[in-house]
Amino acid sequence: MDQTLFYWILGVAGAIIALLIGVIGFFLQQNYSTNKEAKCTMDKLNTTLRVLIQKMKSYDEKNDITTLRLNDHAKRLDTHDVKIATIEERIKK
């Protein structure tokens, strides 16, 4: 085999390998940037989720307070209902 032909084939093969390494590097860079964006998005979603969980707990506490107040008012209304019925009976006599 002629030495110049060998060098020519070696040069073409080297160029093809360099091109393939460049393409692989490009796709690795794209993959890295996509993963970085996905990580940022996941961090934002986790922060939002934590805030929503805190708000839900706060609403649950407020709901418990509201339930207690409503139960207290219901008991008072029942007491007033009995007192009103007693007063009406006294008035009728």
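Reckoned from all heavy atoms, side chains included, excluding hydrogens, waters and symmetry mates.
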Would you please name every residue forming a salt bridge (charged side-chain N to carboxylate O under 4.0 Å, His left out) with Arg76, sequence neighbours left out? Asp72

Pairwise distance NZ(Lys75) to CG(Asp78) - rounded to 0.5 angstrom: 10.0 Å

If you round to the nearest 0.5 Å, how far is CG of Asn31 from CD of Gln29? 10.0 Å

Tracing side-chain links under 4.5 Å among I, L, V, M, F, W and Y, which residues wind up in one group with Phe26? Val23, Phe27

Contact between Leu28 and Ile24 at the side-chain level, heavy atoms closer than 4.5 Å - yes or no? yes

Would you please name every residue forming a side-chain contact (heavy atoms from CB on, under 4.5 Å) with Lys55, sequence neighbours left out? Val51, Tyr59

Distance col, row Lys44:NZ vs Leu49:CG, nearest 0.5 angstrom, shows 16.0 Å

Rounded to the nearest 0.5 Å, how far apart are CG of Leu10 and OG1 of Thr4? 12.5 Å

Thr41 side chain to Glu37 main-chain N or O, any donor-acceptor pair under 3.5 Å? yes

Given the rule that I, L, V, M, F, W and Y join up when any side-chain heavy atoms are under 4.5 Å apart, are Val12 and Ile9 in one cluster? yes

Given side chains that start at C-beta, do those of Asn35 and Lys39 come closer than 4.5 Å, heavy atoms only? no

Can you tell me how far apart CG (Leu70) and CD1 (Ile65) are? Round to the nearest 0.5 Å. 12.0 Å

Give the cluster check for Ile16 versus Leu5: same hydrophobic cluster or not, with ILVMFWY residues linked at side-chain heavy-atom distances below 4.5 Å. yes

Thr47 and Arg50: CA distance, side-chain angles, deciding distance, side chain to side chain contact (heavy atoms under 4.5 Å, CB included) verdict: CA-CA 5 Å; Thr47 303; Arg50 275 191 235 115; 4.1 Å; yes

How many angstroms lie between atom CD1 of Ile87 and atom CD of Glu89, to the nearest 0.5 angstrom? 11.0 Å

